[in-house]
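All remarks here apply to the structure that follows.
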Amino acid sequence: METSCPSMLYRLLVDEFLDEVPPNEWRRDGKCLDWPAPENATFERIVGAILVQNANWRNNASKAVENLKKMGILEPSKIVETPPTLLKEAIKPAGFTDRKLKTLYEVSKLMISLRLDSLDDPSLRRRLLSVNGIGPETSDTILLYAFNRPVIPVSKYAKRILERFCNIHLKNYLEWQTYIQESIPRDVETYKTFHALLTEFGLKFCTDKPKCNLCPIRADCRYTMKKPMNR
Ligand code: SF4
């Protein structure tokens, strides 16, 4: 069977880039990457996925998560009991505090009212999307990293890298998600690792202005095949 372009990209990133992923950004187990929280810390992972929206993990969102931990309120029942002023102060490092505050309250109430882990993938996704401030990328991040469901989130980094590396252009979130999911093995560890690698690679090499001269996978990239290597 012919190897798909995303599948080749995945292998190259594992072989050529995984060792460059900064420790502490992701949990690493051999060649697999996972969310930087204990395996069974479902709520911590959900909160992290919300707080990291439009924020950097290391300098912003992780500090907000640490604040919640230090205050001993990283549980749905404790979040709903915490006054907004206190909660706002705790999550301040992550930015967009008013919006994220509402989302945290809503998602905590949802978790108290319903056993989310008993829902099938589409129902769980629908429930998460019904929360203000949770869009497709965050819901899929939660499905994958908090509930271990085989659903890959599509980040701006994933789109940018695949557009360049595979020279593929798709219309919307769902098309990208379907394309990626159908191109690599349907496996939670693979999805987690691929999403993490794409994020880090998009931050380090395949940035807005790509650093192709330094890129460890440039020999196989269709973008550099089309354009002269003066970037
Ligand atoms: S060679 Fe350039 S465009 Fe291609 S993946 Fe690397 S950084 Fe991105």
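When a ligand or atom number is given, it counts from 1 through the structure's own listing order. Quick note: numbers below take in every heavy atom, side chains included, and nothing from hydrogens, waters or symmetry partners. These numbers come from a predicted model, not from an experiment.
- Residue contact annotation: Cys206 places no N/O/S atom under 2.8 Å from atom 6 (Fe) of ligand 1.
- Both the sub-6.0 Å distance and the 45° axial angle are not jointly satisfied by Arg160 relative to the ring of Tyr157.
- Note on Asp121 versus Arg126: no salt bridge recorded, every NZ/NE/NH1/NH2 to OD/OE distance being 4.0 Å or above.
- Interface of Phe205 with ligand 1, defined as ligand atoms under 4.0 Å from a residue heavy atom, comprises 7 (S).
- Of the heavy atoms in Arg164, only side-chain atoms (C-beta onward) come closer than 4.0 Å to ligand 1.
- Set against the non-hydrogen atoms of Cys221, the atoms of ligand 1 under 4.0 Å away are 1 (S), 3 (S), 4 (Fe), 5 (S).
- If you run side-chain contact (heavy atoms from CB on, under 4.5 Å) between Trp57 and each of Leu203, Thr199, Val52, only Val52 comes through.
- Annotation for Ile112: hydrophobic cluster partners, listed by chain and number, are Val80 (ILVMFWY side-chain heavy atoms under 4.5 Å, direct or chained).
- For Cys221, the disulfide bond (SG atoms under 2.5 Å apart) criterion is met by no residue, not counting sequence neighbours.
- Between Lys156 and Glu137 there is no salt bridge, since none of the side-chain N atoms of the basic residue sits less than 4.0 Å from a carboxylate O of the acidic one.
- Taking backbone and side-chain atoms together, Cys212 has no N/O/S atom less than 2.8 Å away from atom 4 (Fe) of ligand 1.
- Close approach to Arg218 involves these atoms of ligand 1, each under 4.0 Å from a residue heavy atom: 1 (S).
- Using a 4.0 angstrom heavy-atom cutoff, Thr224 counts as in contact with ligand 1.
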